[in-house]
Amino acid sequence: MSPAIEITGVTKRYGDLTALDNVGFDVAEGEMFGLIGPDGAGKSTLYRILATLTAPDSGTAAVCGLDTVKDYSRLRTMIGYMPERFSLYQDLTVSENLQFFASLFGVSIKENYDIIAPVFAQLERFPDRKAGALSGGMKQKLALSCALIHRPRILLLDEPTTGVDAVSRSEFWDMLSTLREKGITILVSTSYMDEATRCERIALIDKGKILRVNTPEGLVAGLDENLYNASAYRMFELLTRLRQLPEVDDCYTFGATLHVVGRKGFDQVAVCQKLQSEGLEDVRVYPAQGDIEDLFIKLTR
C-alpha cells in the first residue's frame with residue numbers, strides 16, 4: 001500500500017532563507033503523524049506545499065498518490081487544511097461559516113454531519129454567534145469542523161493548539177483520536193513537546209531539516225542513561241556550577257528543575273557532595289526520565 005503522504009527531497013527557499021532543506025518522510029494511510037519543532041522550523045511552509053498553496057523549489061510531495069503541483073485541483077477535494085492562524089470569516093456566524101465551507105465543496109451539512117459531530121457538538125448551542133466572538137477553544141472547534149465538512153481523506157493541522165488553554169488542548173487531541181478511528185489520515189504540527197506522545201510517529205524538524213523520525217518510544221529509548229534532575233534553592237547558581245563541572249556534558253532548565261547530562265563515570269553522590277561543600281547545602285541530584293524535549297535539545301545542540 002502506498003503512503004498517504006510521501007515527501008521526497010523537498011527544498012523551499014525565500015531569498016537567502018532556506019525554509020526547507022531536503023525534507024523527506026512518509027505518512028501511512030490512517031496514521032496520526034506529528035511534525036514537532038519550534039517556531040520558524042519550516043512546519044508551515046511544508047503545510048502550504050502539501051495543501052497545494054505553493055510549490056517546492058526542488059523535490060516532490062504526493063498526497064493520496066497525487067502530485068501536489070501537477071494534480072492540485074484534484075487534491076483540494078481530498079484535503080482538509082486548518083492553518084495556524086484562525087482564518088474563518090469573523091463577521092459570519094458559526095452556522096454561516098459552516099454552511100459556506102460546505103457549499104464550496106458542494107456538500108450538505110446534513111449528509112456529512114456525522115464526521116463533525118464529535119467536534120461541533122459544543123458549538124450547536126451558539127449557531128448565531130459570530131466567529132470573532134468565540135473563545136480560542138471554540139474557534140478551534142469551528143475551524144476543524146469547516147476543515148472536515150467535505151469528509152477529507154487527509155487532515156492537515158498546522159499548530160492547531162497554539163494559544164489555547166490546557167483543557168481545550170487536551171479535548172482537541174481526544175477529538176483527533178476519534179477522527180483517526182474513522183480512517184482519516186492526520187498530519188499535525190506542534191511546538192508543544194508533550195503533545196508528541198499522542199501521535200503514532202513523529203518527525204523532529206529544526207531550521208528546515210528533519211532531525212529524526214520514529215515512534216515517541218523509539219525516539220526516547222536510551223535517553224535515561226546519564227540523565228539526572230538537579231534542584232536547589234539557588235537555581236541559577238546551581239546551573240552555573242554544574243555547567244562548569246568537567247563530568248557534566250550539558251545542563252539546562254527543565255520545568256521546576258534542571259536536567260543534567262553526565263559524561264561517562266558521572267557520580268551523582270560525588271557531585272552532590274562537591275556542590276554542598278561549596279555552599280549549596282540543599283542541592284539534590286537524582287536520576288531523570290528522558291522525553292522528546294530532552295532529545296530535541298540534544299539533537300539541536
Would you say that [X] contacts [Y] through its side chain, given a criterion of any heavy-atom pair below 4.5 Å between the two side chains?
X	Y	value
Phe172	Arg169	no
Ser191	Ile36	no
Arg151	Val107	no
Glu237	Leu275	no
Tyr228	Leu242	no
Arg241	Lys274	no
Leu204	Thr300	no
Pro160	Trp173	no

Under 4.5 Å between side-chain heavy atoms, counting indirect links through other Ile/Leu/Val/Met/Phe/Trp/Tyr residues: same cluster for [X] and [Y] or not?
X	Y	answer
Tyr81	Leu176	no
Phe296	Leu227	no
Leu211	Ile202	yes
Ile116	Met138	yes
Ile184	Ile154	no

| message | Does anything in residues 104-161 form a ring-ring contact (aromatic ring centres under 6.0 Å, His included)? List the pairs, not counting sequence neighbours. | response | Phe105-His150
With distance as the sole test, does [X] use its side chain to make a donor-acceptor pair with the main-chain N or O of [Y] at under 3.5 Å?
X	Y	answer
Arg153	Met78	no
Asp71	Arg74	no
Arg180	Gly30	yes
Thr68	Ala61	yes
Tyr47	Leu157	yes
Glu29	Ala4	no
Ser170	Val167	no
Arg201	Val213	no

| request: Go through the structure and list residues passing salt bridge (Lys or Arg N to Asp or Glu O under 4.0 Å) with Asp57, not counting sequence neighbours. | output: Lys12
Heavy-atom pair of closest approach, residues [X] and [Y]:
X	Y	result
Pro216	Ile292	O-CD1, 4.0 Å
Cys272	Val283	O-CG1, 3.8 Å
Ile109	Ala102	CG1-CB, 4.0 Å
Pro152	Gly80	CB-N, 3.4 Å
Asn112	Ile149	ND2-O, 2.7 Å
Ala230	Thr257	O-CB, 3.6 Å

| request: Identify whether the distance between the nearest side-chain nitrogen and carboxylate oxygen of Lys43 and Glu84 falls below 4.0 Å. | output: no
| query | Are Arg198 and Asp174 within salt-bridge range, i.e. N to O under 4.0 Å? | reply | yes
| Hey, is CD on Gln289 packed in by over 12 heavy atoms from elsewhere, all under 6.0 Å? | no
| said: Can you confirm whether more than 12 heavy atoms, excluding those of Tyr14, are under 6.0 Å from its OH atom? | reply: yes
| said: Is it the case that the side chains of Tyr252 and Asp294 hold a donor-acceptor pair, with the cut-off being a distance below 3.5 Å and no angle test? | reply: yes
| request: Compute whether any side-chain donor of one residue and acceptor of the other, for Thr11 and Asn22, lie under 3.5 angstrom apart. | output: no
| said: Among Asn229, Thr253, Asp250, which residue satisfies the side chain to side chain donor-acceptor pair (under 3.5 Å) criterion with His259? | reply: Asn229
| task | Give the C-alpha distance, both sets of side-chain angles, the deciding distance and a yes or no for side chain to side chain contact (heavy atoms under 4.5 Å, CB included) between Ile205 and Leu20. | result | CA-CA 10 Å; Ile205 185 171; Leu20 296 172; 4.2 Å; yes
| request: Begin from the C-alpha positions of Lys298 and Val261 and carry the test side chain to side chain contact (heavy atoms under 4.5 Å, CB included) through to its verdict. | output: CA-CA 9 Å; Lys298 178 180 178 179; Val261 182; over 6 Å; no
| request: Would you please classify the geometry between the Phe101 ring and the Tyr89 ring as parallel, tilted or perpendicular, with 30° and 60° separating the classes? | output: tilted
